[in-house]
Amino acid sequence: MADGLSSFWGPVTSPEWCEKNYVYSSYIAEFYNTISNIPCILLAIIGLINALRQRFEKRFSVLHLSNMALAIGSMLYHATLQRVQQQGDETPMVWEMLLYLYILYSPDWHYRSTMPTFLFLYGAAFAVAHALVRFGIGFKVHYAILCLLCIPRMYKYYIHTQDMCAKRLAKLYLATLILGTLCWLFDRLLCENIGGWYLNPQGHAFWHVFMSFNSYFANTFLMFCRAQQLGWNPKVVHFMGLCPYVKIQKPKTQ
């Protein structure tokens, strides 16, 4: 939304969201949509430390790093509202979903090299195409399809998991996904009405916050399931009684 201070970054060249631009700083176009990515970075750091400290497979370290990269890309996009930064937000979103697909489906994939090779080439091709073409609604549909492809496998892991704490992580994953999607739709579909309100509920910023926790819950649940597959005797514990993480006990031979 227009209004506010003068822009350091020049004219807007990417889609805007339902927040007035440059209200608090000439360097930050959408203030709340920018800072709302901070929880994602903090949670990803917690997950990365846990993955490294307990020597989980490298795929989980890469997954937490991708969460951080996505959050930083989103911050740059909402701070500048420039086309290049929009690509730096949207392309990592697709890469991250491809990584989730790999983690979810690779344990039962018999041809070990074909899946990562295909997903890598697919991600590279998308990045090139996205740099050349504005997809608009096509990007949203594409991203939604990738998300939907993950759900059946997540459900399979859920029904085969007996640990109630791990099941609670899966439920929190679903709850934050639903709440975040509702916030996104609320902000997008009712923006014209919200513009006349005294207080903007910042639906897109809440989408970022909910999806930050959504990613963390998903990552933690997948770490538990993978550790269970490998016989690492995982259990869900809580840091300071609040933040869940997976603690494992590997066999001595590992």
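Worth knowing before you read on, the calculation uses all heavy atoms, side chains too, and leaves out hydrogens, waters and symmetry mates.
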Practice problem: Kindly determine whether Lys250 and Arg55 satisfy side chain to side chain contact (heavy atoms under 4.5 Å, CB included), including the steps that lead there. | Solution: CA-CA 10 Å; Lys250 295 182 180 180; Arg55 297 184 179 180; 3.6 Å; yes
Between [X] and [Y]: side-chain donor-acceptor atoms closer than 3.5 Å:
{"X": "Gln86", "Y": "Gln82", "answer": "no"}
{"X": "Tyr77", "Y": "Trp17", "answer": "yes"}
{"X": "Asn200", "Y": "Glu19", "answer": "no"}
{"X": "Tyr105", "Y": "Tyr100", "answer": "no"}
{"X": "His208", "Y": "Ser36", "answer": "yes"}
{"X": "Asp89", "Y": "Gln85", "answer": "no"}

Does [X] [atom1] have over 12 foreign heavy atoms under 6.0 Å away?
{"X": "Phe120", "atom1": "CZ", "result": "no"}
{"X": "Phe206", "atom1": "CZ", "result": "no"}
{"X": "Gln249", "atom1": "CD", "result": "no"}
{"X": "Lys235", "atom1": "NZ", "result": "no"}
{"X": "Arg188", "atom1": "CZ", "result": "yes"}

Heavy-atom pair with the smallest gap, counting every atom of [X] and [Y]:
{"X": "Cys150", "Y": "Leu104", "answer": "CB-CD1, 3.6 Å"}
{"X": "Ile41", "Y": "Ile72", "answer": "CD1-CG1, 4.0 Å"}
{"X": "Tyr27", "Y": "Phe8", "answer": "CE2-CD1, 3.4 Å"}
{"X": "Ala205", "Y": "Tyr32", "answer": "CB-O, 3.6 Å"}

Common cluster, [X]/[Y], ILVMFWY with side-chain heavy-atom separation under 4.5 Å:
{"X": "Ile248", "Y": "Met164", "value": "no"}
{"X": "Tyr198", "Y": "Leu190", "value": "no"}
{"X": "Tyr157", "Y": "Phe224", "value": "yes"}
{"X": "Met97", "Y": "Phe126", "value": "yes"}
{"X": "Phe213", "Y": "Leu242", "value": "no"}

Practice problem: Begin from the C-alpha positions of Met115 and Leu101 and carry the test side chain to side chain contact (heavy atoms under 4.5 Å, CB included) through to its verdict. | Solution: CA-CA 9 Å; Met115 177 178 283; Leu101 288 172; over 6 Å; no
Working to the nearest 0.5 Å, report the span between [atom1] of [X] and [atom2] of [Y].
{"X": "Ile35", "Y": "Gln202", "atom1": "CD1", "atom2": "CD", "value": "9.0 Å"}
{"X": "Thr220", "Y": "Phe60", "atom1": "OG1", "atom2": "CZ", "value": "10.0 Å"}
{"X": "Gln87", "Y": "Leu76", "atom1": "CD", "atom2": "CG", "value": "13.0 Å"}
{"X": "Ser212", "Y": "Ile38", "atom1": "OG", "atom2": "CD1", "value": "10.0 Å"}
{"X": "Leu182", "Y": "Phe210", "atom1": "CG", "atom2": "CZ", "value": "9.0 Å"}
{"X": "Leu98", "Y": "Ile103", "atom1": "CG", "atom2": "CD1", "value": "11.5 Å"}

Practice problem: Any chance you could lay out the side-chain hydrogen bond (donor to acceptor under 3.5 Å, both in side chains) test for Tyr158 and Tyr173, step after step, and finish with the verdict? | Solution: CA-CA 11 Å; Tyr158 174 81; Tyr173 157 79; over 6 Å; no
Should [X] and [Y] count as side-chain neighbours, where that means a heavy-atom distance under 4.5 Å?
{"X": "Ser106", "Y": "Arg59", "answer": "yes"}
{"X": "Arg53", "Y": "Tyr245", "answer": "yes"}
{"X": "Leu43", "Y": "Ser215", "answer": "no"}
{"X": "Asn219", "Y": "His64", "answer": "yes"}
{"X": "Leu222", "Y": "Arg226", "answer": "no"}
{"X": "Leu70", "Y": "Cys40", "answer": "no"}
{"X": "Cys243", "Y": "Tyr216", "answer": "yes"}
{"X": "Glu16", "Y": "His78", "answer": "no"}

Answer yes or no: is there a donor N or O on one side and an acceptor on the other, between the side chain of [X] and the main chain of [Y], under 3.5 Å?
{"X": "Thr161", "Y": "Asp163", "result": "no"}
{"X": "His142", "Y": "Gly138", "result": "no"}
{"X": "Ser74", "Y": "Ala71", "result": "no"}
{"X": "Arg83", "Y": "Thr13", "result": "no"}
{"X": "Asn214", "Y": "Thr176", "result": "no"}
{"X": "Trp95", "Y": "Gly123", "result": "yes"}
{"X": "Thr80", "Y": "Trp9", "result": "no"}

Practice problem: Kindly determine whether Leu48 and Met68 satisfy side chain to side chain contact (heavy atoms under 4.5 Å, CB included), including the steps that lead there. | Solution: CA-CA 10 Å; Leu48 178 63; Met68 274 189 265; 3.6 Å; yes
Quiz item: Given the rule in the side chain to side chain contact (heavy atoms under 4.5 Å, CB included) test, do Phe221 and Val236 qualify, once you have shown the distances and angles that lead to the verdict?
Solution: CA-CA 9 Å; Phe221 177 70; Val236 178; over 6 Å; no
Practice problem: Taking the six-membered ring for Trp and the full ring for Phe, Tyr or His, determine whether the centres of His130 and Phe135 are under 6.0 Å apart. | Solution: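 When the ring centroids of His130 and Phe135 are compared, they turn out to be within the sub-6.0 Å range.
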